[in-house]
Amino acid sequence: MLNLSRYESYKESEVPDLGEIPVHWRVIRNRFLFREQNERSLDGKETHLCMSQKFGLVPSDDFEDKTLQSESYEGARLCLKGDLVLNRLKAHLSVFSTAPCEGLVSPDYSVFRLRDSKMIPKYFEHLFKTPVYLSEFNRRVRGIVVGFYRLYSGDFNDVRAICPPIEDQQRIVEFLDRKTSEIDQAIAKKQRLIELLQEQKSILINQAVTKGLNPNAPMHDSGIKWMGIIPSHWGIARLKTLIKKMDQGWSPQCFAYQADVNQWGVLKVGCVNGYQFNPGENKVLPPNLKPIEELEIQHEDILVSRANTLELVGSAACALYPRKKLILCDKLYRVRVDKQKVIPEYFVLLLQTKTARRQIEIGANGASSSMQNIGQDVIKSLYAPIPPISEQKKIISLITDVGSQHQEITISILREIQALVELKHSLISNAVTGKIKV
């Protein structure tokens with residue numbers, strides 16, 4: 001893919017930071033390429049389109065987030081298929097896209113249509129997302145407060161765009177469609193490998209925690225229909241009989257950034273995602289607020305998400321030798337167990353079994369799918385098979401070893417994915433700026 005030739009001859013583009021372009025390409029200000037469209041909807045009945053940085057411009061009905069569906073579309077802007085639609089507040093962050101169909105967009109967006117209908121809109125979308133043009137947009141945004149900078153139409157119109165002949169535009173877009181699709185497929189396969197590793201680990205945990213490590217161990221009926229048979233020497237307990245204390249924390253108004261080791265930080269609910277404790281998921285407690293020191297996280301505290309999405313509510317992690325000055329938030333339960341009966345790390349494994357997850361999801365409730373809640377009783381009422389402490393230690397050791405191996409493989413795959421993402425961006429940038437001939 002990288003073994004591509006260059007064009008026969010080049011000239012200076014006179015576009016900041018761009019360098020040379022093919023000699024037969026032109027540089028034209030956007031005002032001579034595009035015409036801004038200001039057609040408005042009278043009744044808002046046309047297809048509603050909404051924008052995201054990840055998915056571009058898509059029909060609202062296909063957009064999972066549904067962010068814009070609550071907004072009124074009366075007076076919204078009309079766009080046609082192929083129009084370039086910019087979110088004026090986020091155009092400098094590459095939040096813009098060509099319209100996939102005729103429809104309505106937010107009145108806060110700008111709509112531009114190529115003056116020459118033979119030109120290829122997708123070429124210019126690719127071009128304006130290259131680092132050179134995003135830097136150009138960043139230089140031209142205006143506003144008083146970060147987060148409210150706008151790229152006004154006049155400033156967009158003043159940008160000088162590279163304009164290859166239409167045949168080159170068509171060839172570049174077709175090449176990029178083909179090659180980026182190949183790269184996306186390769187990325188998807190690698191992401192699937194990571195999912196398979198996680199599934200494999202989940203199967204191992206479920207098998208080890210419900211049946212043990214010895215396939216030849218004598219088994220007996222647990223007496224609980226959904227639990228089935230368990231090793232004969234294991235006991236059965238409701239989790240409430242293993243818990244000595246269960247409480248939840250405090251969520252004051254905090255600064256939006258992470259606390260350093262000398263500052264008090266309030267944990268965020270995401271600190272237990274993936275069943276691994278992540279102390280970096282915290283926010284700084286303002287210095288004018290006195291920390292509640294009894295909520296400081298201690299070694300072997302078990303943290304359980306009590307409020308999250310359905311997939312993540314009930315996620316748990318064991319804090320092993322946490323740094324000081326981390327405070328429990330009110331979206332987490334803190335569980336302290338009777339260590340004569342269950343090892344804290346093993347308690348976390350119990351919450352990962354299929355039967356535990358099924359009961360947690362059944363017990364969850366909430367007004368929206370993005371925020372489900374579980375009460376303490378959902379955790380306390382769970383039944384679980386409990387092996388002797390010596391066997392718990394062996395199961396923890398095996399799962400830790402396998403988890404470490406999986407983590408190494410996952411990190412390696414993530415590096416490969418990052419390399420593919422960088423290749424994709426480089427390929428697009430080099431193709432649309434004429435650094436390679438396609």
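Any value given below was found using the heavy atoms of this structure, including those in side chains, with hydrogens, waters and symmetry copies removed.
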Verify, without hydrogens or angle tests, whether [X] (side chain) and [Y] (backbone) share a donor-acceptor contact under 3.5 angstrom.
X	Y	answer
T98	G82	no
Y275	V348	no
Y10	G19	no
R6	I436	no
R358	T353	no
S429	S426	no
S381	D377	yes
Q263	D260	yes
Q53	L93	yes
S251	D330	yes

Taking atom [atom1] of [X] as the centre, report whether more than 12 heavy atoms of other residues, nucleotides or ligands fall under 6.0 Å from it.
X	atom1	answer
K90	NZ	no
R415	CZ	no
Y7	OH	yes
Q253	CD	no
K11	NZ	yes
R26	CZ	no

Side chain to side chain contact (heavy atoms under 4.5 Å, CB included) evaluation trace for E281 with L267: CA-CA 6 Å; E281 284 287 306; L267 289 170; 5.7 Å; no
Within a strict 4.5 Å, meaning less than it, do heavy atoms of the [X] and [Y] side chains meet?
X	Y	answer
L242	Y346	no
I162	Y133	yes
L114	F124	yes
V284	Q258	no
N273	N278	no
I194	L414	yes
L239	V342	no
Q298	E300	no

Test log, rule side chain to side chain contact (heavy atoms under 4.5 Å, CB included), inputs L328 and L303: CA-CA 8 Å; L328 185 71; L303 308 179; 3.7 Å; yes
List the atom of [X], the atom of [Y], and the distance in Å for their closest heavy-atom pair.
X	Y	result
K118	I120	O-CD1, 3.7 Å
V438	R171	O-NE, 2.8 Å
N138	V141	O-CG2, 3.3 Å
L420	A186	CD1-CB, 4.0 Å
V313	A307	CG2-N, 4.0 Å
L49	C79	CD1-SG, 3.7 Å

When you compare the side chains of [X] and [Y], does any donor N or O come within less than 3.5 Å of an acceptor on the partner?
X	Y	value
E195	Q191	no
K211	Q207	no
N157	R29	no

Quick check for you: to the nearest 0.5 Å, what is the distance between [X] atom [atom1] and [Y] atom [atom2]?
X	Y	atom1	atom2	result
W226	T210	CH2	OG1	10.5 Å
L332	I327	CG	CD1	12.5 Å
T433	K435	OG1	NZ	4.0 Å
Q405	T410	CD	OG1	11.5 Å
L310	N373	CG	CG	11.0 Å
F156	R140	CZ	CZ	11.0 Å

Name of the residue among R35, K122, R113, R77 meeting salt bridge (charged side-chain N to carboxylate O under 4.0 Å, His left out) with D83: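 Between D83 and the candidates, salt bridge (charged side-chain N to carboxylate O under 4.0 Å, His left out) is satisfied uniquely by R113.
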Full working for salt bridge (charged side-chain N to carboxylate O under 4.0 Å, His left out) between E296 and R334: CA-CA 10 Å; E296 183 180 16; R334 176 172 57 183; over 6 Å; no
Basic-acidic side-chain contact under 4.0 Å: [X], [Y]:
X	Y	result
R150	D155	no
E361	R357	yes
R139	E136	yes

Verdict with reasoning, M119 to C163, per side chain to side chain contact (heavy atoms under 4.5 Å, CB included): CA-CA 9 Å; M119 286 192 177; C163 187; 3.4 Å; yes
Verdict with reasoning, T355 to Q359, per side-chain hydrogen bond (donor to acceptor under 3.5 Å, both in side chains): CA-CA 6 Å; T355 52; Q359 292 174 80; 4.7 Å; no
Steps toward side chain to side chain contact (heavy atoms under 4.5 Å, CB included) verdict (H24, E8): CA-CA 10 Å; H24 63 294; E8 290 71 20; 5.7 Å; no
Y123 and W25 aromatic ring geometry - parallel, tilted or perpendicular at 30°/60° bounds: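 Rings of W25 and Y123: perpendicular, over 60°.
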K129 to F96 six-membered ring, cation-pi geometry met (6.0 Å, 45°):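 Here K129 passes the 6.0 Å and 45° test against F96.
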Qualifying residue for side-chain contact (heavy atoms from CB on, under 4.5 Å) with F128, from N30, L134, L86, V432: N30
